[in-house]
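Inspection log for the structure reproduced underneath, given as structure tokens.
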Amino acid sequence: MHDMSAHAVQHHAPTTFIRKHVFSLDHKVIGKQYYALALLAALIGMVLSWLMRIHLGWTNAAIPGLQLLSKNGAPGGVMTPEYYLQLMTMHGTIMVFFVLTTAPFAAFGNYFLPIQVGAEDMPFPHFNMMSFWVTFVGFWVLIAAFFVSDGPSLGGWTQYAPLSAVGSVAGPGEGMGVILWATSIAIFCVGQLLGALNFITTTLDLRVKGMSMMRLPLSAWAWFITSCMGLTAFAVLMPACILLILDHVAGTSFFVASNLVLNDQLQPHSGGSTLLWQHLFWFFGHPEVYIAIVPGMGIVSHVLITNMRRPMLSHRVLIYSM
Amino acid sequence: MAKFFAVIIIVIAIASAIPILRHTWVAPEDISTHGALIDEQMSETMAEAGISFLAAQFVLALFIWQFSNPRPDAKIKTFPGGAKGLVIAAMLLVGAEVVALGIFGVKAWADVYFTPPSASAMPVQVQAGQFAFYFRYPGPDGTFGPIHPELINEGTQNFYGLDTDHDADSKDDIVTAEMGIPINKEIHLLMHSKDLGHSFYVRELRVQQDFVPGLDVSLHFTATKVGKYEIVCTQLCGLGHYNMKAYLEVMSQEDYDNWLKKEAAMQ
């Protein structure tokens, strides 16, 4: 098993610029790409939070230039209450998915995990490359919601149905905005599933000789556990997003109950369940908080004991507790 | 530097405990019969979490102070009994805390959700919709008329979709935009949403319950103090969510009867 690292993942050094820096198969380059994407997402999310704070402090103040982003959402630069909700939704989604998940898990994990287990690279470099570029596309699909006619969704990062499922009758951004949101998150899930697959295989199959599971550094354990959680969590969120899109475009009623009336119009849906979305979403949402925190716990433990030059009180206990 | 850091930790820990101990931010006055249990639960949780928090911070500060600059020849000390004892002790401690909170809390929860309303409870219906609450009283016949969703029309003020021409039970139903209730009378609240997810939140009543579209949710409470209180929506429901509210007016039985008569005359 350990011999695999010697043959399976050896690839020639890239020669062209594109192979070296853009569509790279190198786990370190992919890690850095993920990190750059997370920083960009954090920057956008942060600017959105500034705008929201300004609106909370000076509700009727005109923010110069904001009308260029949305003519209806901020006429003359003055943010409307619904545009505040739209920015809040985008802020939450960008931060939870494209910062909290990508930076500690995908970025640091890609860069350090193969090094820590003694592998030359991930076992499926093409999957690894796809994982980043798929996530990249997902990010821009989400950002595209800013530029559609009635803006991004206003339903919050949890997108509770039926607010998110009945379409634009529920408010601005609840039509195209939600479709783009759900598409983006479904794409993101594909990226993370490919990543998780690589992480798990690297940890299980590509450890260098003598590196038993219990000798793995705590951060490597953290990424391994995170990938196992991600594999189940994202595999549920992706179909949930697809069902949500179907409720919009195919006339299905997965998340919409019968006899709902919006704007005095009886909705053409029946038989769905509001709670179904909440169950599916939180099947992802609960592990997601650990996907965000466990790599941090692993990294802190690793860095702390390395710099203290002492072993962990109990390596095994910390692994079990993660 | 490390000792300074230890002092900072102590200062922050104590400073954050002061507002709690001085009751700087307290919930508004409780006007319900079940609220005392919930308030008690809150303060028990606060006390348990607060003690654990302060203890953890003090121990952290102590260790930083004590072991910040060890002499090079100092022996490395280990926890007596090794890691196993420490881990088991910590697990038992945290487990006991959680179980204790659960045992205290179960009564507060059961009082609201596992106990059915008494037979004499007064039924009131509440319907949530973008972005208003409407309340319905059954009238003299004591029965709510059926709801026809296709008839709901804000323009003609048929907020509930009632067919008063055909349904005898609907004829005397009273629909209001404000919730009036008599004092010291148990209310059986029958909740449903006309469109999306909403929530019924009255801080003074210690009541917060979501509306689930497609489900009928029921709740019961007794108000014990006359006054006007705010009912707000706490489940994001769209662009007017921030403004979705109604008022709960708790009145003496006599005032309530008059109020209901006046509302009935306006139907």
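Just so it is clear: chains get the letters A, B, ... in the order the sequence lines come, proteins before strands, and each one is counted from 1. Here the structure is a predicted model, which means the values were calculated and not measured.
For the atom pair A:L154 CG and B:C237 SG, the distance stands at 10.0 Å (nearest 0.5 Å). One distance of note links NZ of B:K194 with CD of A:Q267; it measures 9.5 Å at 0.5 Å rounding. A distance of 7.5 Å separates CG in A:L85 from NE2 in B:H241, rounded to the nearest 0.5 Å.
B:F58 CZ: more than 12 foreign heavy atoms inside a 6.0 Å radius. The number of heavy atoms from other shown groups lying within 6.0 Å of CZ (B:F5) does not exceed 12. With a 6.0 Å radius and a threshold of 12 heavy atoms from other residues, nucleotides or ligands, B:F131 has its CZ atom above the threshold. By the 6.0 Å contact criterion, CE on B:M46 is open, its count of non-hydrogen atoms from other residues, nucleotides or ligands being 12 or less. Within a 6.0 Å sphere centred on CE of A:M229, heavy atoms belonging to other residues, nucleotides or ligands number more than 12. Other residues, nucleotides and ligands contribute only 12 or fewer heavy atoms inside 6.0 Å of the CE atom of B:M91. Within a 6.0 Å sphere centred on CE of A:M214, other residues, nucleotides and ligands contribute more than 12 heavy atoms.
Interface residue A:L266: only side-chain heavy atoms are found under 4.5 Å from chain B. Within the 4.5 angstrom heavy-atom criterion, atoms from both the backbone and the side chain of B:E154 approach chain A. If you measure heavy-atom distances from A:V261 to chain B, the contacts under 4.5 Å come from both the backbone and the side chain. Proximity to chain A (any heavy atom under 4.5 Å) is shown, for B:L151, by neither the backbone nor the side chain. Heavy-atom distances place the side chain of A:V166, and not its backbone, under 4.5 Å from chain B.
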Worked verdict on A:M88 versus B:L236 for side chain to side chain contact (heavy atoms under 4.5 Å, CB included): CA-CA 12 Å; A:M88 180 197 76; B:L236 181 57; 3.9 Å; yes
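Heavy-atom pairs under 4.5 Å with chain A peak, among B:N158, B:V212, B:L196, at B:L196.
Of all heavy-atom pairs between A:P162 and B:G197, the closest is CD-N, 4.2 Å. Heavy-atom minimum distance, A:A257 versus B:G214: CB-CA, 3.7 Å. Here the shortest heavy-atom pairing between B:L239 and A:P81 reads O-CB, 4.4 Å. Looking at every heavy atom in both residues, A:D264 comes nearest to B:N153 through OD2-OD1, 3.3 Å.
Side-chain atoms of A:E82 never come within 3.5 Å of backbone atoms of B:G238 as a donor-acceptor pair (strictly under, hydrogens ignored).
The shortest distance between side-chain heavy atoms of A:L262 and B:Q130 falls below 4.5 Å. Using a 4.5 Å cut-off on side-chain heavy atoms (C-beta onward), B:L215 and A:L275 make contact.
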